[in-house]
Amino acid sequence: MGEEDDGKNTDVDATSNAGNGGGSKAGSRSNLAGSKFNLAGSKGNLAGSKGNLAGSHGNLAGSRVGSIRNLAAPKAGGGGGGGGGGGGGGGGGGMSGDGPANAVVFENTYKLKPDKKFASGAVKAIIEETLAKHLTKVKYDADKVPDLCKTISNDIVAAIKKLELDRYKIVVDVHIGEFKGQGIKVASRAVWDTSTDSYASASFKNATMFAVAMAFGCYYE
């Protein structure tokens, strides 16, 4: 009886081991299939992320095109009126404006230095010529001085612009006073780039007045 019991136990153990081996293989295959499924899901998520990125680029491009079109298109004007009967009527109107029909959008040039620098010598000659033209035969009149300063300043700016100093901002300062033998000094101070910016000045006087004009050229990056 003891030997029969041992045989039965051996059969049970062998069957149990076979069952455990089969279960382990099935579990491994199931885990492998799950890993492949997770990998496929990861690839799908990656493809979705790339799709979202492409959509973001598309939206950005569309926004840029839309902004340029909105800038180029004239502002829509609206206006309307309304009337009512009985108790009364009211009217309403919208804002209207004439925008540029073909607006030009400029890209950055990234130019930090001018192609043609401010020529102090040429500008000084312009100032001297303009002062002499406007003041040679003029007597000092305090009431006329403000308008005279504006006229001289505008003429100097217009003459300097003919030098075609691209991307330069031109600032002109003109002082006119009554001349009675006194001395006068006119000074200026500025913070600028000495490699691109400069100035020119000239003075004029006759029997009744003196004038000092200064022109500044500042390169605009």
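Remember, predicted model here, so these are calculated numbers, not experimental data.
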Listing, residues 178-191 side-chain donor-acceptor contacts under 3.5 Å, not counting sequence neighbours, or none:
{"residue": "Q182", "atom": "OE1", "partner": "K180", "partner atom": "N", "Å": "2.7"}
{"residue": "Q182", "atom": "NE2", "partner": "E178", "partner atom": "O", "Å": "2.7"}

Transitive ILVMFWY cluster of Y140, excluding itself - 4.5 Å side-chain cut-off: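 Members besides Y140, by chain and number: F118, V123, I126, I127, L131, L135, V138, V145, L148, I152, I156, V157, I160, L163, L165, Y168, I170, V172, V174, I176, F204, M209, Y219.
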
Find the distance between CD (E128) and OG (S201) and round it off to the nearest 0.5 Å. 9.0 Å

How many angstroms lie between atom NE2 of H134 and atom CG of D155, to the nearest 0.5 angstrom? 3.5 Å

Would you say the side-chain atoms of [X] pair up with the backbone N or O of [Y], donor to acceptor, closer than 3.5 Å?
X: N108; Y: Y110; result: no
X: K144; Y: K139; result: no
X: S203; Y: A211; result: no

So with a 6.0 Å cut-off around NZ of K150, is the heavy-atom count from everything else above 12?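 No, the 6.0 Å shell around NZ holds no more than 12 heavy atoms from other groups.
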
Specify the closest pair of heavy atoms between A200 and S120, including all atoms of both residues, with the distance to one decimal. CB-O, 3.5 Å

Between K116 and E164, which heavy-atom pair has the shortest distance, and what is it? CD-O, 4.0 Å

Any salt bridge (charged side-chain N to carboxylate O under 4.0 Å, His left out) involving residues 190-200? Give me the pairs, sequence neighbours left out, ordered by first then second residue. K113-D193

